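Comments concern the structure below.
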2 protein chains.
Amino acid sequence: MDAKIRTRYAGRAKIVKAMSHPTRLFMVDELARGERCVQVLTGMVGDDISTISKHLAVLKNVGIVADEKRGAQVYYTLRCPCVMDFFSCVESVLKTKSRR
Amino acid sequence: MDAKIRTRYAGRAKIVKAMSHPTRLFMVDELARGERCVQVLTGMVGDDISTISKHLAVLKNVGIVADEKRGAQVYYTLRCPCVMDFFSCVESVLKTKSRR
DNA sequence: TGGCAATTTGGTAAAATGAGCAACTAGTGA
DNA sequence: TCACTAGTTGCTCATTTTACCAAATTGCCA
């Protein structure tokens with residue numbers, strides 16, 4: 001892998017990595033249903049709000065979600081619904097694995 | 001997120017996480033073209049062979065690849081070609097991000 | 001303006017990851 | 001059998017990740 005190839009895969013990995021946490025995966029799934037504010041997501045997940053905020057920042061940094069402040073709350077939306085494709089593949093990996 | 005939901009997303013995240021490293025992503029891409037033995041992959045990536053072996057073990061543990069020993073070498077194959085779908089989505093995330 | 005609610009940011013400690021070297025295992029062939 | 005090649009595993013160290021608390025921000029409204 002020369003530098004150029006390495007950079008390409010590093011960029012891709014960054015995006016996959018942003019999805020590689022249970023809480024973030026859950027939130028992406030939830031955001032696929034519509035925008036949600038931090039407070040609501042926090043209520044669903046049950047972690048500290050600062051933890052949720054940071055997870056959302058991770059997703060935002062790679063461009064998977066977008067945020068919009070309206071009044072005192074910040075609403076997050078899914079910018080790339082195609083990430084939902086990950087789920088069906090992941091399910092099939094799980095199935096493949098179980099029938100090993 | 002109650003325990004059940006949490007477990008479900010944790011399982012999914014494990015699979016995504018296995019793909020979330022530049023070297024592993026590269027190898028998955030390469031394996032999509034056909035089986036490869038550790039030695040060959042090591043030559044392409046340029047890391048220590050023990051590092052490559054461990055990355056392959058990560059992919060194997062979640063069921064993404066399978067290994068088969070033939071003579072002195074171990075050949076790895078992609079068990080779930082659908083993981084290639086990740087790539088097209090990832091590319092579109094990259095594009096979405098750049099036109100922010 | 002003062003105070004409360006919603007978020008983000010900074011700091012910190014614990015846990016997980018990643019890389020290479022060394023040691024070990026398993027085939028191959030002289 | 002001995003030496004060599006291919007691969008895996010154990011160990012250690014450095015880096016990254018993650019979680020929560022506390023403090024700083026921002027917007028609303030009495």
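First the proteins, then the strands, lettered A, B, ... as listed; each starts at 1. Owing to the predicted nature of the structure, the values given are computational and were not obtained by experimental measurement.
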Taking C-beta and beyond as the side chain, do L78(A) and V83(A) meet within less than 4.5 Å on heavy atoms?
yes
Presence of salt bridge, E91(B) and R8(A), under 4.0 angstrom:
no
Taking CD from E35(B) and C1' from dG7(D), how many angstroms apart are they, rounded to a whole number?
16 Å
In one Ile/Leu/Val/Met/Phe/Trp/Tyr side-chain cluster, 4.5 Å: V74(B), V62(B)
yes
Name the atoms and distances for all side-chain donor-acceptor pairs under 3.5 Å in residues 22-33 of chain B, with sequence neighbours left out.
{"residue": "R24(B)", "atom": "NE", "partner": "A18(B)", "partner atom": "O", "Å": "2.6"}
{"residue": "R24(B)", "atom": "NH1", "partner": "H55(B)", "partner atom": "ND1", "Å": "3.0"}
{"residue": "R24(B)", "atom": "NH2", "partner": "K17(B)", "partner atom": "O", "Å": "3.4"}
{"residue": "D29(B)", "atom": "OD2", "partner": "Y9(A)", "partner atom": "OH", "Å": "2.3"}
{"residue": "E30(B)", "atom": "OE1", "partner": "R33(B)", "partner atom": "NH1", "Å": "3.1"}
{"residue": "E30(B)", "atom": "OE2", "partner": "R36(B)", "partner atom": "NE", "Å": "2.7"}
{"residue": "E30(B)", "atom": "OE2", "partner": "R36(B)", "partner atom": "NH2", "Å": "2.8"}

Linking I/L/V/M/F/W/Y whenever any side-chain heavy atoms sit under 4.5 Å apart, do F87(A) and I15(B) land together?
yes
Taking the side chain as every heavy atom from C-beta outward, state whether L56(A) and D67(A) have any atom pair closer than 4.5 Å.
no
Can you tell me how far C1' of dT8(D) sits from CG of L41(B), to the nearest Å?
15 Å
What are the atom names and distances for every N/O pair under 3.5 Å that joins the protein to nucleotides 14-19 of chain C?
{"residue": "dT17(C)", "atom": "OP1", "partner": "K17(B)", "partner atom": "NZ", "Å": "3.3"}
{"residue": "dG18(C)", "atom": "OP2", "partner": "R24(B)", "partner atom": "NH1", "Å": "3.4"}
{"residue": "dA19(C)", "atom": "OP2", "partner": "H55(B)", "partner atom": "NE2", "Å": "2.6"}

Measure the shortest side-chain to side-chain distance between C89(B) and F86(A) over non-hydrogen atoms and say whether it is less than 4.5 angstrom.
yes
Write down the protein N/O and nucleotide N/O pairs, taken from nucleotides 4-7 of chain C, whose separation is under 3.5 Å; answer none if there are no such pairs.
{"residue": "dA6(C)", "atom": "OP1", "partner": "Q39(A)", "partner atom": "NE2", "Å": "2.4"}
{"residue": "dA6(C)", "atom": "O3'", "partner": "A72(A)", "partner atom": "O", "Å": "3.4"}
{"residue": "dT7(C)", "atom": "OP1", "partner": "V74(A)", "partner atom": "N", "Å": "3.0"}
{"residue": "dT7(C)", "atom": "OP2", "partner": "Q39(A)", "partner atom": "N", "Å": "2.7"}

Using side-chain heavy atoms (C-beta onward) and a distance below 4.5 Å, is R70(B) in contact with E35(B)?
yes
Could you tell me how far apart E68(B) (CD) and dT8(D) (P) are, to the nearest whole angstrom?
13 Å
